[in-house]
Amino acid sequence: MNHDDLDLTDPELASEAELAFEGALRPKSLQEFVGQSKVRGQLQLLLTAAQLQQRTPDHILLAGPPGLGKTTLAMIVAHEGGRPLRMSSGPAIQHAGDLAAILSSLVPGEVLFIDEIHRMARSAEEMLYLAMEDFRIDIMVGKGAGATSVPLDLAPFTLVGATTRAGLLPNPLRDRFGFTAHLEFYDRGELEQVLERAARMLGLDIDGEALAEIAGRCRGTPRIANRLLRRVRDYALVHSGGAGARADLEAVRAALELYDVDALGLDRLDRAVMTILLERFGGGPVGLNTLAVSVGEESETIEAVVEPFLVRIGLITRTPRGRVAAPAAWRHFGLAEHAPGVEQALPIDDL
Ligand SMILES: Nc1ncnc2c1ncn2[C@@H]1O[C@H](COP(=O)(O)OP(=O)(O)OP(=O)(O)O)[C@@H](O)[C@H]1O
């Protein structure tokens with residue numbers, strides 16, 4: 001993917017170069033993993049207990065917005081226990097047979113990571129229940145009246161599921177995870193630590209003020225922090241005439257302005273949602289589906305990717321009657337609250 005096509009603050013996008021860079025940057029142990037201290041403590045306990053009892057750790061569900069470290073944690077779970085890791089994703093498992101092929105080839109103790117587990121086919125989900133509980137699956141042989149089910153024992157494994165929408169998982173699946181970790185957006189101090197580490201690895205000489213500025217504009221998300229840092233590195237490199245990458249506050253501001261990353265780090269979609277909410281609906285309340293249709297996006301994306309961050313930074317609130325813009329939103333967009341002449345909100349479609 002070309003950098004020009006990449007929305008710098010979209011936590012779901014990643015270019016090929018970026019994926020390679022992410023791989024190099026991924027912390028390899030819980031100790032190196034920055035932030036999420038509660039989840040880290042919980043995971044450490046779960047892994048140590050399993051090690052003491054010489055068994056495979058319980059299944060783990062990682063829930064939270066994109067780019068907060070779910071894949072990284074899955075890799076750490078495997079790495080800390082010295083176990084092999086198999087990676088797959090919900091959209092790649094469209095039939096029970098796809099899952100059967102993966103499960104039946106796992107080696108004892110293997111960690112199976114399924115990203116976007118909420119997008120797996122229903123028939124596969126049902127197969128997974130039995131596999132998680134009894135390390136067994138039933139394979140259907142033949143068709144129609146002559147079909148029989150043949151049980152197949154599996155090697156004990158640990159499933160690590162990742163989802164941006166824990167609420168979409170059926171209860172029987174959710175209940176089979178021994179532990180659910182809810183990942184939170186990172187605070188500025190944590191993001192500065194992520195950035196400091198990445199800057200060292202990139203060979204970028206950057207001061208504290210400059211790091212703090214990037215930390216404030218990356219949507220509380222390490223993936224975006226690392227991405228912005230790379231653009232700042234490019235800027236610093238080019239402006240030094242290739243002499244060496246050194247960035248200060250001024251360079252960071254100039255680089256991020258060039259890439260349209262505003263002071264709060266809002267991306268195009270965030271801005272589109274906020275502008276519609278403020279200008280067309282007079283600040284709300286407005287239903288999620290109406291908002292999604294108005295910006296031409298799936299309501300799932302608005303709910304899982306856009307909204308959590310806007311709520312977290314206090315630009316919108318969720319009320320029983322719909323989404324409402326907070327006073328800070330009017331200020332950030334330089335608009336007078338409940339500006340005259342706004343269209344009347346459409347009927348509230350969903351809550
Ligand atoms: N706690 C952390 N400390 C340091 N770096 C981190 C941390 N969390 C994530 N990162 C970095 O952020 C990038 C994205 O992380 P990761 O791929 O694990 O996110 P994710 O939640 O799995 O995202 P997605 O669900 O979109 O795949 C990686 O480069 C990783 O190194």
Side-chain angles (χ1 to χ4, degrees), residues 1 6-44 60-80 85 87-92 111-120 160-166 168-169 180-202 204 211 214-215 218-231 233 265 267 269 300-301 303-306 308-309:
M1 186 184 290
L6 192 63
D7 190 337
L8 283 193
T9 46
D10 184 337
E12 289 198 298
L13 294 179
S15 67
E16 264 174 44
E18 185 166 24
L19 288 176
F21 175 65
E22 278 190 357
L25 276 187
R26 280 209 163 93
K28 304 277 183 299
S29 65
L30 278 177
Q31 230 177 359
E32 269 183 89
F33 192 84
V34 175
Q36 312 289 349
S37 56
K38 183 141 196 205
V39 165
R40 258 190 305 138
Q42 292 165 329
L43 270 179
Q44 188 71 70
I60 299 162
L61 181 64
L62 303 172
L68 298 189
K70 297 185 291 295
T71 306
T72 306
L73 280 175
M75 290 177 167
I76 289 176
V77 166
H79 191 256
E80 293 244 326
L85 174 70
M87 299 186 77
S88 187
S89 74
V111 174
L112 171 62
F113 176 59
I114 304 183
D115 202 3
E116 297 187 79
I117 193 166
H118 60 277
R119 296 178 60 191
M120 199 166 58
V160 180
T163 181
T164 49
R165 308 273 323 265
L168 280 189
L169 288 187
T180 298
H182 291 278
L183 300 192
E184 306 288 344
F185 288 109
Y186 291 67
D187 67 29
R188 287 212 186 188
E190 292 163 349
L191 291 163
E192 284 175 33
Q193 285 180 52
V194 170
L195 285 163
E196 215 176 301
R197 181 168 176 272
R200 239 181 294 127
M201 297 178 81
L202 277 178
L204 173 66
L211 281 182
I214 304 177
C218 62
R219 285 179 118 255
T221 305
R223 168 172 296 143
I224 300 173
N226 288 339
R227 180 183 301 156
L228 297 185
L229 188 72
R230 285 196 345 143
R231 298 291 72 79
R233 188 269 321 262
D267 68 13
L269 191 52
E300 192 181 310
T301 306
E303 194 177 17
V305 181
V306 178
F309 180 67

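Only this structure's heavy atoms are used, side chains among them; waters, hydrogens and symmetry mates stay out. What you see is a predicted model; the values in this text were computed from it and never measured. Every number for a ligand or one of its atoms is a count from 1 in the order of the listing.
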Do Leu73 and Ile60 make a side-chain contact, defined as non-hydrogen atoms from C-beta onward lying under 4.5 Å apart?
no

Contact atoms of ligand 1, heavy-atom distance to Lys70 under 4.0 Å
18 (O), 19 (O), 20 (P), 21 (O), 22 (O), 25 (O)

Determine whether the side chain, the backbone, both or neither of Thr71 has a heavy atom under 4.0 Å from any heavy atom of ligand 1.
both

Could you establish whether Pro27 and ligand 1 come within less than 4.0 Å of each other, counting only heavy atoms on the residue side?
yes

Under 4.0 Å from any heavy atom of Thr72, which atoms of ligand 1 are there?
15 (O), 16 (P), 18 (O), 30 (C)

Do side-chain atoms of Arg40 reach the backbone of Gly35 as a donor and acceptor pair under 3.5 angstrom?
yes

Can you tell which part of Asp115 has a heavy atom less than 4.0 Å from ligand 1: side chain, backbone, both or neither?
side chain

Quick check: does Glu32 get an N/O under 3.5 Å from an N/O on ligand 1?
no

Under 3.5 Å, side chain of Lys70 to main-chain N/O of Pro65, donor-acceptor pair present?
yes

Please confirm whether the backbone N or O of Lys28 pairs with a side-chain atom of His79, one donor and one acceptor, at under 3.5 Å?
yes

Could you tell me if any non-hydrogen atom of Gly67 lies under 4.0 Å from any atom of ligand 1?
yes

When you measure from the side chain of Lys38 to the backbone of Gln36, do you find a donor-acceptor pair of N or O atoms at a distance under 3.5 Å?
no

Short N or O distance, Val34 and ligand 1, threshold 3.5 Å exclusive:
yes

Check: Leu30 main-chain N/O paired with Glu80 side-chain donor or acceptor under 3.5 Å:
yes

With the side chain counted from C-beta on, respond yes when Leu229 and Ile214 share a heavy-atom pair under 4.5 Å apart, and no when they do not.
yes

Taking 4.0 Å as the limit for heavy-atom contacts, which would you say applies to Thr164 with ligand 1: side chain only, backbone only, both, or neither?
neither

Return yes or no for this condition: an N or O of Gly69 is under 3.5 Å from an N or O of ligand 1.
yes

Determine yes or no for a side-chain-to-main-chain donor-acceptor pair under 3.5 angstrom, with Gln193 supplying the side chain and Glu190 the backbone.
no

Tell me the nearest of Gln193, Arg197, Arg223 to atom 26 (O) of ligand 1, using heavy-atom distances.
Arg223

